[in-house]
2 protein chains.
Amino acid sequence: MNTLAEENYLKSIYHLSLNTESVSTNQLAALLNTKASSVTDMLKKLAEKELINYIPYQGVTLTASGEKIAVNIIRKHRLWEFFLVEKLSFKWDEVHEMAEEMEHISSNELIDRLDKFMGYPKYDPHGDPIPDCEGKFKTHDLKPVSAVNINTDGIICGVRDHSVAFLQYLEKQELTIGKKITVTDIIEFDHSMILQMENKTIQISREVANSLLITL
Amino acid sequence: MNTLAEENYLKSIYHLSLNTESVSTNQLAALLNTKASSVTDMLKKLAEKELINYIPYQGVTLTASGEKIAVNIIRKHRLWEFFLVEKLSFKWDEVHEMAEEMEHISSNELIDRLDKFMGYPKYDPHGDPIPDCEGKFKTHDLKPVSAVNINTDGIICGVRDHSVAFLQYLEKQELTIGKKITVTDIIEFDHSMILQMENKTIQISREVANSLLITL
DNA sequence: TAATAAATTTAGATAAGTCTAAATTTATTA
DNA sequence: TAATAAATTTAGACTTATCTAAATTTATTA
Ligand SMILES: [Mn+2]
Ligand SMILES: [Mn+2]
Ligand SMILES: [Mn+2]
Ligand SMILES: [Mn+2]
């Protein structure tokens with residue numbers, strides 16, 4: 001159907017589209033660790049296949065069929081991550097690279113059965129929503145901890161930074177999905193925050209607070 | 001490490017080596033559905049990497065490191081097939097193509113954990129042995145049904161033909177792995193055989209008898 | 001608004017893996 | 001054993017996905 005490279009481009013365009021209206025060549029080059037000229041070549045190919053709307057110099061958006069493919073790849077990625085953590089006991093910081101390969105296994109029947117086998121999970125190990133077999137999913141209303149006021153509490157439901165370093169840090173602090181926290185104080189000087197957890201109090205930096213997402 | 005194409009060549013050389021001392025260019029071209037000239041190019045590359053012993057015009061054998069890689073790919077293939085049948089309820093005729101893709105997922109940690117998750121199975125859904133994480137496995141002593149005498153009985157433990165058509169035929173006749181059969185008669189004219197099964201008697205052609213493997 | 005900088009595309013090259021057609025080597029057979 | 005056939009390799013081309021360097025377009029700023 002589509003090559004591995006094409007799938008990775010579509011997925012990247014999808015992710016970048018969540019923040020900006022139209023995605024630029026340089027944004028893609030940065031995310032895909034490639035050069036702008038390589039991106040241009042691929043954009044022409046994807047436009048030819050009508051998977052993206054491409055206006056030279058003006059950036060790209062996904063067409064309906066391009067988006068469908070992108071969401072399906074993300075569904076596969078997140079279901080495999082769930083499988084690796086829930087069934088094979090990997091930690092949440094270990095699964096992304098493996099899922100990058102597994103998301104390209106082509107069979108949809110396989111992924112639908114995997115979904116069923118795991119009981120149709122709604123969120124992956126990082127709190128990201130898993131699209132169902134129709135491509136539908138709902139994001140819950142998330143806020144970075146850095147955006148809430150003193151004495152607000154919430155449940156950790158996601159992260160903005162998926163790096164191994166960040167995930168390992170959170171794990172160590174027990175700041176994992178599902179945990180309840182209350183912001184008890186904010187240090188004016190550097191905006192670090194004091195969090196009250198079930199069994200302890202910890203302090204986190206502004207950077208961490210920015211990348212830790214909660215529901216109120 | 002190695003490309004997908006390289007892995008497929010190594011695996012094919014391994015499989016063909018089970019029947020012949022040295023594997024020829026044309027044998028590989030036929031199995032891999034490609035042209036002899038393409039095979040020659042790849043053989044040069046694999047020889048360069050010291051994964052095969054290649055003498056132009058004389059065929060190839062695997063080196064120790066080439067064989068290790070081939071066995072690891074086969075381990076992955078068979079473990080994923082087992083997973084698909086045992087955990088996701090696919091039929092034994094449906095899993096080969098999916099496993100052809102999944103065998104290239106690179107992580108060995110992943111496959112070792114999958115192995116553990118499934119209880120270290122010794123045989124795949126077609127009766128083929130699954131190498132352990134060291135690459136070791138034992139084939140049981142198999143004979144085609146066509147090679148046994150009247151009134152011999154045995155347990156179905158494998159197949160020589162992995163085609164969908166053959167597997168579906170066997171499934172329909174309940175000639176599946178683990179079933180006990182007794183050869184009660186052999187028709188001289190066309191060498192078809194009468195098999196006594198637990199709850200019925202059936203007749204199979206010589207072709208079928210040739211591809212159905214039992215232990216005595 | 002003209003000059004400069006930044007972003008993007010084009011041109012031309014490279015590597016992997018494949019192909020067809022031609023040349024070469026090995027095997028068969030008259 | 002010389003001619004013929006079969007198997008294999010070589011030569012040259014093509015596709016996909018990359019790259020660097022140069023040209024072009026768009027954005028910024030003096
Ligand atoms: Mn991921
Ligand atoms: Mn994830
Ligand atoms: Mn198989
Ligand atoms: Mn098998």
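All of these numbers come straight from a predicted model, not from anything done at the bench. The chains referred to below are lettered A, B, ... by the order of the sequence lines, with proteins before strands, and numbering in each begins at 1. Side chains are part of it too, since the values below use all heavy atoms of this structure and drop only hydrogens, waters and symmetry mates.
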Report yes if a side-chain nitrogen or oxygen of [X] is closer than 4.0 Å to either non-bridging phosphate oxygen (OP1 or OP2) of [N]; otherwise report no.
X	N	value
T34(A)	dC19(D)	yes
S24(B)	dA7(D)	no
K35(A)	dT8(C)	no
T25(B)	dT9(D)	yes
N26(B)	dT8(D)	yes
Y54(B)	dT8(D)	no

Counting only Watson-Crick pairs (N1-N3 plus N6-O4 or O6-N4) and G-U wobbles (N1-O2, O6-N3), all under 3.5 Å, who is the partner of [N]?
N	result
dT18(C)	dA13(D)
dT24(D)	dA7(C)
dA30(D)	dT1(C)
dC19(D)	dG12(C)

Check: S192(B) main-chain N/O paired with Q203(B) side-chain donor or acceptor under 3.5 Å: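 Not a single qualifying donor-acceptor pair exists.
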
Touch class at under 4.0 angstrom, heavy-atom based, for S38(A) against every strand present: base

Sugar-phosphate, base or nothing in reach of A36(A), heavy atoms under 4.0 Å: base

Atom-pair distance ([atom1] on [X]; [atom2] on [N]), nearest Å:
X	N	atom1	atom2	value
L32(A)	dC19(D)	CG	P	10 Å
E48(B)	dA16(C)	CD	P	11 Å
L28(A)	dA7(C)	CG	C1'	13 Å
L46(B)	dT18(C)	CG	C1'	15 Å
Y57(B)	dA6(D)	OH	C1'	12 Å
I55(A)	dT25(D)	CD1	P	16 Å

Basic-acidic side-chain contact under 4.0 Å: R75(B), E103(B): no

Salt bridge E109(B)-R113(B), side-chain N to carboxylate O under 4.0 Å: yes

Cation over ring face, K87(A) and F117(A), 6.0 Å, 45°: yes

N/O donor-acceptor pair, side chain S37(B) with base dT20(C), under 3.5 angstrom: yes

D128(B) side chain to H162(B) side chain, donor-acceptor N/O pair below 3.5 angstrom: yes

Selected nucleotide, minimal atom distance to P56(B) side chain, candidates dT20(C), dT9(D), dT24(D): dT9(D)

